[in-house]
Amino acid sequence: MSPVEGLSDAHVILLATHLCAAGDISGLSALKSLHPHCFPTERFLRIILTYLPESTEPTAYIPLLQQSTENQTVEPGDAKIDTSAVSSLSEELARKRVQKLRLRPLLRDDEEQEVQSADHLTQFIIHRAHLVDTETALQPLILSLTLPFFESRPVLRTWLISSLLPALRLNYEFYPDREETISLAVLESMDDQTAINVLLSITNSKGNEMDLVNNLRGLIGPWLYGSSRTKRRRLNENARQNTISFVQGTPKPQLDDLAGWEYVNEWLLSRSLSDYNSVVSAFTRWKGPGDIDLGGYDDPDTQLPAEKKKELLSRYAQAGLSVVYAHADPSQSALDRSFQIVERVTKLLELEEFSYLSASDTSLPSVDFDAERISSTSRASLFQNALLIRANPLTRPSSASVSFLSALLLSLRIMTQFGYPIQCRAAATICLHNGEDAQLAEVRNLISAAVKQQRTRESWEVARSQLLWLRNWQADHSRTVDDKPCAPHHGLFWKISRYTIEREILKALLEAKEYQLAAKIYLQPGSPMNVEQVEAAVVEAIFAAYDNASNGNRTRGGMLKANDLLQAFEPHFPSSVSLKQISALIAATHALSFYSLTLQHGVPFEPVNIRVHPDPLCLVEKVLDQNKNSYTKLDDLLSIGRNLVKAGLSMSPSPADQESHYQQEQLSEEDALVTAERRITSLAISSALNSDDFGTAYSYILTRLTPSSMLPTSTPLLSQSALPDDVSWRAVYNAGRYRSASPNPSASLQSQITHLSQRMELLSLALILAPSPDPLPEILGAWRRCDEEMSSLRAREQQEEDVWDAKGDSLSTVPGGFGPTDSERDAFDTAQQHTARRARARSAMPRNHPHEAPMGLFEVARGAAMALHKNAFPLRGASDTSRPSASVSTADADRSISPDDGEGRVRKRDMVSNIVTGGLASGIGWVLGADPVKR
């Protein structure tokens, strides 16, 4: 008898544990065949589970498992069994040791319900797999243990695909170089959302775009194969109760076969914000939830019914459209990838006929979609957490959503080509929710970006067609300018009228200096804009260039552009008042550029200062102040002033005075020109006086401000103008009061008399030019002071003549001659006195009028009479005593003085002085300090 056959049951059981611990599979098999009654299936599996080393190759004990579970009878064979480990034990001791054995149960703690109801071998394999993974981390051994049994056991098949396969691929196939591995226990402790985040977030350090595709197909697909397992459902329910739904306004995902794929869609959308390229690669290379790799252990097509597959594909496609809307990168490369996603979605759902992405830039399509459905969305529909809402019309795959998004992407491609890339979400907001003003602002930004590009004439023609297409997404632009889109939201800039778009395009062509193209499009028959609208756009463009110019020279910068615009379009508008005004403005600005001009606080002069200045003529005053001797260029300054008036600018000397400003606005252009010339001439006279150049000021007054009635020839300035003048007389009056700041002590007496005579002449002219009687006392007072000074100078002159005559009388007679007699000497003295008087009379005459008496008190009196007469204050009615004096005729007063007049003749100046003094004594004579005339 064999030693084994003589063992008790207790000894056999103890011997089996020793054989398992030693890894003696053959001895264990022989022992089981000799004592089959000692090893029921559960006990035998528990002994192997407890004592067989986890590193033992499964192929060694798989036949033993098969025999045990299938109740096969196996011959013991000739295997030798070593019984020395238990042969020395007594029966009682063997029993006690058997009772102390702690065999592991086949079911693990917290095992799922499907495993609990499964057969013993299934329970053993799953428990054995976890022990192998925990003790050795050799997960391929688990696969070897499972493969012979999974086909006939659905629970084991599900566990193999959903737990073991993802772990094997993650740790050994996809990322074998990772230091950290994921155990079965850790993997099975995750709910769907956590597992999806973990499995999809693991990528290769090289950033291979196929990583995400492989993970979706080879990890997520198998993992979600086991979503119906009870433990997984329990974990998902706990996670569902403790988390907030990602998608705004929707309930948390239900615990069905679709819930896990919802998390996948959410993850893809979230990941696209940081890794757009890999997500795009996933959408273009992965066909969705139906495209999964189960390792050949089951057929994916039999997992879900057709309706659920269709719904899963639709939800996956919605995630793709959501990714396009949510992406924030507006670059061309990102836009190209967005095209790929939409093309993939339309192909998966067989919606290619509703996509317009294949259209070229030169052959844009007419977009047709359900605008009413798309327009029902709100701004919140474009938020990230609302894009995956199943009822969102923008992302829910349909013919309308695909057409609308493809039209948006075509619009984005055009805008990117224009150099103005924006996000898809921003484009949708512009189209669906922005008002007309906001859309117009975007159009202007877009066109401004296009202007900055170096475009040819042909490219501008294409650009115009593209801009018109962006308005209504229609290929035909032949409709009238007032035509509106046929449906709401039918175009990116659908709220803007066509006229507005055309106007902005025209402005862009003008900005880009495409003048010929602009004239060809907008000034030919059939133009979308009328002539007045084109003219207004041209004027606006000229002023824009003018206002941005930093230098007034029309051969440089913005002024050059403004002048070129004027020259290009002026022939098309020969009767345009605006262009004529602009021409005058540019001429005035160009002339001003040759002078040094600085505004307040050292700010350099710019052309725009002319247009914004309430009184541009003040700039001429600054020119005179800041440019030495600029007053000598009066004709140039007058030309500037005339052009400023012709430019139609406001000319108000005192903007604070509203009444004066109103009167200024009512002036005709001719009167405004006269007023401007008077002001500039007066400013030039003041500048000359400030520069101590009385001669130039005096010349300007005689040639520019003297009335034509007082000159032999009329001047071009004041003739034929009855406009009230409150400017000229002040300049003349200031010149009449002028005293040199640095008088020349060596000036001759005769030059002083001449200068004083000129001043008196100017004061007399100021009296004539005064528009009202208010300044008369002041002018007459100044003239009286000059008259007194003149009397003093005449007295000095007489003294000098007397001294000179005395010196002549004291001269010795000619040697050898006889001295004159007394009668001859008296006759000689009388002749000398007459000669001196005639010389003084000649020197007192104005140089330009040799036949007239000097401007004296008579002219003053005549000027005063004229001023008083035109102000309803007649001189003759002053008093009875003035009548004889005032009745003296002008002819009598202007009569020439005969050289034969007697010694007692009263001089003309003294006679007129006495007449005026007496005549004005009771009226305005008090100004002269005259005593009252008694009868």
Side-chain angles (χ1 to χ4, degrees), residues 437 440-441 443-445 447-452 499-519 521-523 529-593 597 599 603-620 639-652 655 665 669 672 676:
D437 293 340
L440 182 57
V443 169
R444 288 173 175 170
N445 292 336
I447 294 178
S448 177
V451 170
K452 296 178 182 178
Y499 160 70
T500 304
I501 292 287
E502 294 283 9
R503 183 188 63 188
E504 296 300 325
I505 295 174
L506 173 58
K507 290 166 60 176
L509 294 177
L510 300 180
E511 179 70 17
K513 300 181 181 180
E514 293 290 343
Y515 307 141
Q516 293 183 356
L517 178 60
I521 296 175
Y522 297 103
L523 291 176
M529 300 175 65
N530 57 45
V531 176
E532 292 77 11
Q533 293 170 343
V534 176
E535 180 186 350
V538 171
V539 170
E540 183 178 352
I542 294 176
F543 279 134
Y546 179 90
D547 292 342
N548 290 326
S550 59
N551 188 286
N553 195 308
R554 61 186 169 197
T555 62
R556 298 168 55 185
M559 287 296 297
L560 173 61
K561 185 175 182 180
N563 190 61
D564 290 345
L565 273 167
L566 178 65
Q567 299 302 322
F569 286 93
E570 197 171 19
H572 296 287
F573 307 100
S575 59
S576 172
V577 176
S578 298
L579 294 184
K580 291 179 181 179
Q581 291 177 342
I582 289 174
S583 177
L585 177 62
I586 291 177
T589 308
H590 179 72
L592 278 173
S593 67
L597 186 56
L599 304 180
V603 178
F605 166 77
E606 294 181 352
V608 69
N609 298 129
I610 297 178
R611 294 222 306 137
V612 302
H613 204 288
D615 182 22
L617 288 181
C618 289
L619 298 175
V620 177
S639 176
I640 293 174
R642 295 188 193 100
N643 283 324
L644 291 177
V645 173
K646 293 177 181 178
L649 301 177
S650 173
M651 302 292 175
S652 178
E665 292 295 334
E669 180 177 331

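Predicted model, so just to flag it, every value in this text is computed and none were measured. All values below come from the heavy atoms of this structure, side chains included, with hydrogens, waters and symmetry mates left out.
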Practice problem: For Leu619 and Leu599, run side-chain contact (heavy atoms from CB on, under 4.5 Å): C-alpha distance rounded to whole Å, both residues' side-chain angles, the deciding distance at 0.1 Å, then the answer. | Solution: CA-CA 9 Å; Leu619 298 175; Leu599 304 180; 4.0 Å; yes

Practice problem: Mind jotting down which residue pairs meet the side-chain hydrogen bond (donor to acceptor under 3.5 Å, both in side chains) criterion with at least one end in residues 577-593? Sequence neighbours excluded, please. | Solution: Tyr546-Thr589

Practice problem: Would you check, one step at a time, whether the test side-chain contact (heavy atoms from CB on, under 4.5 Å) holds for Gln533 with Arg503? | Solution: CA-CA 8 Å; Gln533 293 170 343; Arg503 183 188 63 188; over 6 Å; no

Quiz prompt | Heavy-atom pair with the smallest gap, counting every atom of Leu617 and Gly641 | solution = CD2-CA, 3.9 Å

Quiz prompt | Asn553: partners by side-chain hydrogen bond (donor to acceptor under 3.5 Å, both in side chains), with sequence neighbours left out | solution = Thr555

Quiz prompt | Straight-line distance of Glu514 CD to Ile521 CD1, nearest 0.5 Å | solution = 9.5 Å

Quiz item: Roughly how far, to the nearest 0.5 Å, is the CG atom of Leu509 from the CD atom of Gln516?
Solution: 12.0 Å

Quiz item: Looking just at side-chain N and O atoms, do Glu502 and Tyr522 make a donor-acceptor pair shorter than 3.5 Å?
Solution: yes

Practice problem: For Ala537, enumerate each residue passing the side-chain contact (heavy atoms from CB on, under 4.5 Å) test, keeping only those at least two apart in sequence or located in another chain. | Solution: Leu506

Practice problem: Can you see which heavy atom on Pro607 is nearest to which on Ala549, and at what distance? | Solution: CD-O, 3.3 Å

Self-check item: Salt-bridge present (Glu504, Arg444; N to O < 4.0 Å)
Solution: yes

Exercise. For Arg611, enumerate each residue passing the salt bridge (charged side-chain N to carboxylate O under 4.0 Å, His left out) test, keeping only those at least two apart in sequence or located in another chain.
Key: Asp547

Practice problem: Apply side-chain contact (heavy atoms from CB on, under 4.5 Å) to Met559 and Asn551, showing your working. | Solution: CA-CA 7 Å; Met559 287 296 297; Asn551 188 286; over 6 Å; no

If you look only at distance, which donor and acceptor atoms sit under 3.5 Å apart when one is on a side chain in residues 561-574 and the other is two or more places apart or in another chain?
from, atom 1, to, atom 2, distance (Å)
Lys561, NZ, Glu511, O, 2.9
Lys561, NZ, Glu511, OE1, 2.9
Lys561, NZ, Glu511, OE2, 3.0

Quiz item: Between CG of Leu597 and CG of Asn609, what distance do you get to the nearest 0.5 Å?
Solution: 8.0 Å

Quiz item: For Ile640, does its backbone N or O pair with a side-chain atom of Asn643 as donor and acceptor, under 3.5 Å?
Solution: no

Exercise. Kindly write out the residues that satisfy side-chain contact (heavy atoms from CB on, under 4.5 Å) with Ala544, not counting sequence neighbours, or none if the list is empty.
Key: none

Exercise. Begin from the C-alpha positions of Leu592 and Ile610 and carry the test side-chain contact (heavy atoms from CB on, under 4.5 Å) through to its verdict.
Key: CA-CA 10 Å; Leu592 278 173; Ile610 297 178; 3.7 Å; yes

Quiz item: Do Leu510 and Ile542 come close enough that some side-chain heavy atom pair is under 4.5 Å?
Solution: no

Exercise. Could you pull out the closest heavy-atom pair between Ala587 and Arg554, with the gap in Å?
Key: CA-NH1, 4.0 Å

